[in-house]
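What follows is a single structure, written as C-alpha cells, with notes after it.
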Amino acid sequence: MSTITTISQLADYVGQSVTLHGWVLRNTPKGKLVFVTLRDGTGYCQCVVERGEGTEAFFDEAKHLPQESSIEVTGTVAADERAIGGHELRVGSLKTIQAAVEYPITPKPHGIEFLMKQRHLWFRSQRQYVILRIRATIVDAIRRYFNDNGFILIDTPIFAPAAGEGTSTLFEVEYFGEPVYLAQTGQLYVETACMAHRKVYCFGPTFRAEKSKTRRHLTEFWMVEPEIAFASLDDVIDLAEDMTCSLIERVLKDHRADLEFLGRDIAKLERIQKPFHRISYSEVADILRGPQARELLEKELADKTAEVEELNKKIEELTETAKTARKKWQQEKAAQEEQAARERRNELEEEITNIPRHMELSANFEWGSDLGGSDETIISRLHERPVFVHRYPKEVKAFYMRVDRRDGRVVENFDMLAPEGVGEIIGGSAREEDYDILISRIREEGLPQEPYEWYLDLRRYGSVPHGGFGLGVERTVAWLCGLKHLRETIPFPRMMGKIYP
RNA sequence: UCCCCGAUAGCUCAAUUGGUAGAGCGAGCGGCUGUUAACCGCUAGGUUUUAGGUUCGAGUCCUAAUCGGGGAGCCA
C-alpha cells in the first residue's frame with residue numbers, strides 16, 4: 001500500500017512506497033533505464049524506471065512520455081546523491097493521466113516574444129515559478145505589515161469619475177453611457193477612510209494608459225497605498241523605511257535559495273538597513289550638476305567600454321571554439337555563450353551611447369524640472385541604500401501635496417529610489433490639510449473644483465496633518481529578485497499593445 | 001508621440017561582395033544501465049512577416065506597412 005504525497009515531503013518516506021501526481025519536466029530514456037523528472041508544484045523529483053520484472057507494462061510508455069504530460073507514479077523513495085533534491089523514486093507503477101502533444105517550451109533558450117505568447121505555459125518554468133512565489137510572499141508581507149501595525153484595509157473603487165492626479169493618461173470606459181476612468185490611484189479615497197480609521201491602506205490594481213514601452217512600465221499594476229493621520233512628512237518617510245526593511249527581511253528569510261537560483265546578489269539586499277538616505281530635491285540638483293555625478297558617469301563609461309572590449313575578445317574565442325571543438329555539444333555550448341555575449345555587448349553599446357546624453361542632462365539640470373529616469377539612476381547608483389528624495393518643486397507635483405511652510409516653492413513629498421540603479425519604488429507625500437491652500441493649488445493646476453468637493457469636505461470637517469505613499473508591487477518584486485524587466489513580476493503582464501493571453 | 005534595432009523550419013540562430021536556404025534543439029523511429037540543456041544513427045519539417053520596387057538573378061539592396069525589442073517623455 002502506498003501513501004499519496006508530494007515531492008516536498010519525500011524525505012519523510014525514504015524506503016517507503018509513495019504515489020506522486022505531477023507533470024513530466026523532462027524525460028531522458030537511457031537504454032534499459034528511463035529518467036522521468038517530475039514536477040508537482042512542490043518540487044522536482046527524478047523517477048527512475050528500470051526495464052525488468054514488473055515494469056514491462058509501462059516501460060515503453062515511460063520511454064515515450066512527452067514533456068509536460070500529466071502522470072501518476074508509484075514507487076519506493078530512495079536517497080540518492082545523483083538525483084535532483086537528493087531523493088529519487090524507483091518506479092513500481094506509472095499511469096499517464098494525459099499525454100501532452102509537442103509542448104512548445106523546450107529546455108533550450110527561447111526569445112521573449114515567443115515566451116510572452118506562451119505566458120500561460122511559461123508559468124511552469126522554474127524561473128517563473130520562483131518569481132511568482134516571491135511575489136506572493138511580498139504581497140503577503142505587505143498585508144501582514146499593515147495588518148499587524150494597526151492599519152485597516154480599505155478597498156478603493158476601480159471605476160473613478162475623475163483623475164486622481166492631473167498628469168497621467170487614463171483608460172476611459174463607458175459606465176452606463178457616462179465616461180469614467182479606471183483608477184490610477186486609490187489615494188484620494190483612502191484619505192477619506194484615514195479620517196475615520198486613522199491608519200488605513202488600500203491594495204489593488206492600478207491602471208495607466210501611458211504609451212510607455214520600457215522595462216519599468218505596465219498598463220496594469222498593483223499598488224499598496226497606506227495613509228496615516230496626525231502625521232508629518234517625516235512620519236510618512238519613517239513608515240516607508242520601516243515597511244521596506246520588513247519586506248526585505250521576510251524575503252531573505254523565506255526565499256534565500258530562490259534568490260540564489262535567480263542569481264540575485266544577496267549581500268546587496270542584506271545591506272538594506274535603516275537608516276536610508278534622505279536628500280532634498282535641491283541637494284539632488286546640486287549633486288547632478290556637480291563632480292560626483294560626472295565622475296560616476298565617466299567611470300561607467302570607462303567600465304562599460306572595457307567590458308565591451310573583453311566581450312569582443314570572448315566572442316572571437318567562442319567563435320573559434322564553436323568551429324573547432326571536438327564534441328558537438330561543446331560546439332553548441334560555445335555557440336550559445338557567444339550569442340549571450342553578443343546580446344550583452346549590444347546592450348552595453350546602447351548604454352554607452354546613452355551616457356553622454358545622460359551627462360548632458362545631468363550637468364544642465366535646472367532647479368524646477370522633474371527628475372528624469374537617468375537622473376534617478378545616477379542618484380540611485382551613488383548609494384548602497386535606498387534614497388528618499390524629498391521636497392520637489394510644487395509645479396511638477398500633484399495639487400494635493402502639502403506646501404512646505406518654510407519654502408513655498410516646494411511641496412512635502414518624497415520618492416524612494418531603490419539602489420543598483422533600480423529607481424523609483426515609492427512615491428508619497430504629506431497632504432495639504434489647509435482648505436484655502438488646497439483650493440488655490442487646485443486653481444493653479446487649472447483643475448475644476450466640482451469633482452473634488454467631497455475631497456474638500458475632508459478639509460472642512462476636522463482636517464488634520466496626514467500623509468501616505470504608494471508602493472509599486474511589481475517594481476519591488478523586480479528589485480528584490482534582481483530582474484531587469486517588470487513583465488516577469490506579474491502573472492499576466494499588460495503592456496502597451498499587449499493583451500494576450 | 002518621437003528616436004534606434006530587428007523579423008529565415010515549431011524554437012534558437014547561420015547563410016561570404018546580390019548567385020542552388022543550413023545547423024542544433026524540439027518532433028518521429030532505432031541503439032545505449034546513471035542521465036540532469038551535453039551519447040550515437042536515421043526521417044520529416046521552408047511562399048525567408050506582408051505589399052511594392054531595383055536587378056539577368058534578392059533571405060541579402062530600396063520604399064512602405066504590420067508585429068516585436070530597446071530607449072526618451074511620464075510615472076509605481
Side-chain angles (χ1 to χ4, degrees), chain A residues 25-37 44 46 48-52 63-64 66-67 80-85 88 101-118 165 167-169 184-185 206 208-225 319 322 325 327-333 335-336 338-340 342-343 346-347 349-351 353-354 357-358 361 370-374 376 396 398 415-418 422-428 469-479 484-487 489 495-498:
Chain A
L25 177 71
R26 60 178 164 253
N27 181 17
T28 51
K30 194 83 185 165
K32 287 174 187 159
L33 289 174
V34 179
F35 298 97
V36 177
T37 308
Y44 301 90
Q46 172 166 282
V48 186
V49 187
E50 193 173 339
R51 183 159 65 198
K63 200 170 154 184
H64 294 283
Q67 191 189 353
D80 195 313
E81 279 184 4
R82 294 169 297 187
I84 185 172
E88 66 178 24
V101 285
E102 286 210 41
Y103 186 67
I105 301 177
T106 70
K108 292 283 170 176
H110 296 280
I112 192 65
E113 187 183 356
F114 177 77
L115 289 169
M116 290 304 290
K117 279 184 185 152
Q118 309 291 338
E165 299 173 13
T167 50
S168 313
T169 325
Q184 112 218 80
T185 169
T206 304
R208 306 261 166 105
E210 274 136 13
K211 294 190 172 173
S212 308
K213 271 176 65 175
T214 81
R215 57 181 73 173
R216 294 190 310 279
H217 290 86
L218 297 169
T219 54
E220 179 183 313
F221 63 97
W222 285 66
M223 188 157 70
V224 60
E225 297 174 274
T319 312
K327 300 276 184 189
K328 201 178 276 177
W329 68 264
Q330 288 171 327
Q331 293 179 8
E332 205 193 315
K333 188 186 168 191
Q336 275 166 13
E338 185 195 327
Q339 203 183 306
R342 272 180 207 277
E343 271 167 29
N346 294 346
E347 204 175 286
E349 278 174 347
E350 183 162 358
E351 285 171 18
T353 60
N354 281 334
R357 192 196 151 99
H358 292 168
L361 282 171
D370 207 352
L371 296 180
S374 60
E376 285 184 358
V396 298
D415 283 348
M416 192 188 90
L417 310 180
V422 170
E424 188 176 350
I425 297 284
I426 292 178
F469 63 83
L471 169 110
V473 170
E474 288 74 20
R475 286 187 180 179
T476 305
V477 175
W479 172 34
K484 279 191 299 188
H485 206 298
L486 246 41
R487 65 190 155 210
T489 64
M495 288 172 287
M496 192 181 101
K498 215 176 275 178

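Chain letters run A, B, ... following the sequence lines, proteins first and then strands; every chain starts at 1.
As a whole-Å value, the separation of L115(A) CG from rG68(B) C1' is 13 Å. For L471(A) and rA76(B), the CG to P distance is 11 Å, given to the nearest whole Å. Regarding E474(A), its CD atom lies at a distance of 13 Å from the P atom of rA76(B), rounded to whole Å.
Judged by distance alone with a 3.5 Å cut-off, a donor-acceptor contact links the side chain of E88(A) to the base of rG34(B).
Taking the side chain to side chain contact (heavy atoms under 4.5 Å, CB included) definition, one finds that R82(A) meets it with D80(A), sequence neighbours left out. Looking at residues two or more places apart in sequence or on another chain, you find a side chain to side chain contact (heavy atoms under 4.5 Å, CB included) between H110(A) and I105(A), T106(A), F114(A), L115(A). With sequence neighbours left out, the side chain to side chain contact (heavy atoms under 4.5 Å, CB included) criterion links E424(A) to E376(A), D415(A), L417(A), R475(A).
Residue Q46(A) is classed as a base contact, given a heavy-atom separation below 4.0 Å to a base.
We find that the ring of F221(A) and the base of rA76(B) stack, their centres lying under 5.5 angstrom apart and their planes tilted less than 30°.
Residue T106(A) places its side chain closer to rG26(B) than to any other of rG69(B), rG26(B), rU36(B).
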Detail all sub-3.5 Å separations between protein N/O atoms and N/O atoms belonging to nucleotides 70-73 of chain B.
unit_1, atom_1, unit_2, atom_2, d
rG70(B), OP1, H485(A), NE2, 3.3
rG70(B), OP1, R487(A), NH1, 3.4
rG70(B), OP1, R487(A), NH2, 3.2
rG70(B), O3', R215(A), NH2, 3.1
rG70(B), O2', E350(A), OE1, 3.0
rG70(B), O2', E350(A), OE2, 2.9
rG71(B), OP1, R215(A), NE, 2.5
rG71(B), OP1, R215(A), NH2, 2.8
rG71(B), OP2, R215(A), N, 3.4
rG71(B), OP2, R215(A), NE, 3.3
rG71(B), N7, K213(A), O, 3.3
rA72(B), O2', R357(A), NH2, 3.4
rG73(B), O6, S212(A), OG, 3.2
rG73(B), N1, S212(A), OG, 3.4

Interface polar pairs with nucleotides 42-45 of chain B, N/O, under 3.5 angstrom:
none

Which letter, B, S or -, goes with each nucleotide of nucleotides 27-33 of chain B from 5' to 3', with contact meaning a protein heavy atom under 4.0 Å?
-> S-SSSBB
